[in-house]
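As the structure is a prediction and not an experimental result, all values here were calculated from the model. Computation of the quantities below employed the complete heavy-atom set of this structure, encompassing side-chain atoms and omitting hydrogens, waters and symmetry-equivalent molecules.
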Amino acid sequence: MDPRIDYMKAAPDAVKAVWALEEFVSRDSGLDKRLLHLLKIRASLLNGCAFCVDMHVKEARKDGLGDQWIALIPAWRESGVYDERERAVLAWTDAITNVSQTGAPDADFDLLKPHFSDAEITKLTVAIGTINIWNRMAVGFRLQHAIDPTN
């Protein structure tokens, strides 16, 4: 599969705007890096974005997150690896990423309330929205991840 366009070259101003969101989420939001890795990997899995899954799994490993914690993200509901805070973020990531199907149910929102302030919930939602933008760019324009030499 070949990339469709070089979106960074085609519309650098648009990409700059998305990067500004990414910088806020990753550097300025104050959100726990572990939670950011979790929501980025989960949304990327839901969206079928191989480029982003590959990148965010590697970043999570680099930041010291374990293979089991990473590997079980697709089956998070059946796994005891994730604490209640992480499970709330995973449920909200699923709800927001699939908002046209879920309608962002009250039950998923309510899981966040014991663990996060309104400001943190807002920032988590912006983070979920941001990775969804990146996923749509990468999938839509057929961005390809590198193949590791060990494969």
May I ask whether [X] and [Y] are part of the same hydrophobic cluster, defined by side-chain heavy atoms of I, L, V, M, F, W, Y residues being less than 4.5 angstrom apart, directly or through others?
X: L36; Y: V18; answer: yes
X: I133; Y: I96; answer: yes
X: M55; Y: L21; answer: yes

Taking CG in D2 as the centre, count heavy atoms belonging to other residues, nucleotides or ligands within less than 6.0 Å. Is the count above 12? no
In this structure, are over 12 heavy atoms from other groups packed under 6.0 Å from K33 atom NZ? no
Closer than 3.5 angstrom, by distance alone: can the side chain of T122 be matched with the main-chain N or O of D118 as a donor-acceptor pair? yes
What's the separation between atom [atom1] in [X] and atom [atom2] in [Y], rounded to the nearest 0.5 Å?
X: R136; Y: C52; atom1: CZ; atom2: SG; answer: 11.0 Å
X: L46; Y: T93; atom1: CG; atom2: OG1; answer: 8.5 Å
X: K113; Y: H115; atom1: NZ; atom2: NE2; answer: 12.0 Å
X: I121; Y: L111; atom1: CD1; atom2: CG; answer: 10.5 Å

Which pair of heavy atoms, one from [X] and one from [Y], lies closest together, and at what distance?
X: L31; Y: L124; result: CD1-N, 3.8 Å
X: A43; Y: T97; result: CB-OG1, 3.6 Å
X: Y82; Y: I73; result: OH-N, 2.9 Å
X: C49; Y: A138; result: SG-CB, 3.5 Å
X: L72; Y: V81; result: CD1-CG2, 3.5 Å

Is there any ring pair (Phe, Tyr, Trp, His ring centres under 6.0 Å) pair reaching into residues 27-52, and which pairs are they, with sequence neighbours excluded? none
According to ring-ring contact (aromatic ring centres under 6.0 Å, His included), who are the partners of F24, at least two apart in sequence or on a separate chain? none
Checking side-chain polar atoms at under 3.5 Å, does S26 have a donor or acceptor matched by the opposite partner on K40? yes
Tell me if the centroids of the rings in W69 and W76 come within less than 6.0 Å of each other. no
Give the C-alpha distance, both sets of side-chain angles, the deciding distance and a yes or no for side chain to side chain contact (heavy atoms under 4.5 Å, CB included) between L112 and R85. CA-CA 7 Å; L112 296 167; R85 192 169 180 248; over 6 Å; no
Heavy atoms, side chains only, cut-off 4.5 Å: are T102 and D108 in contact? no
If the condition is salt bridge (charged side-chain N to carboxylate O under 4.0 Å, His left out), which residues does R4 pass it with, not counting sequence neighbours? none
Determine, for E22 against R27, whether the closest basic-nitrogen to carboxylate-oxygen distance falls under 4.0 angstrom. no
Charged N to carboxylate O under 4.0 angstrom, R87 versus D83? no
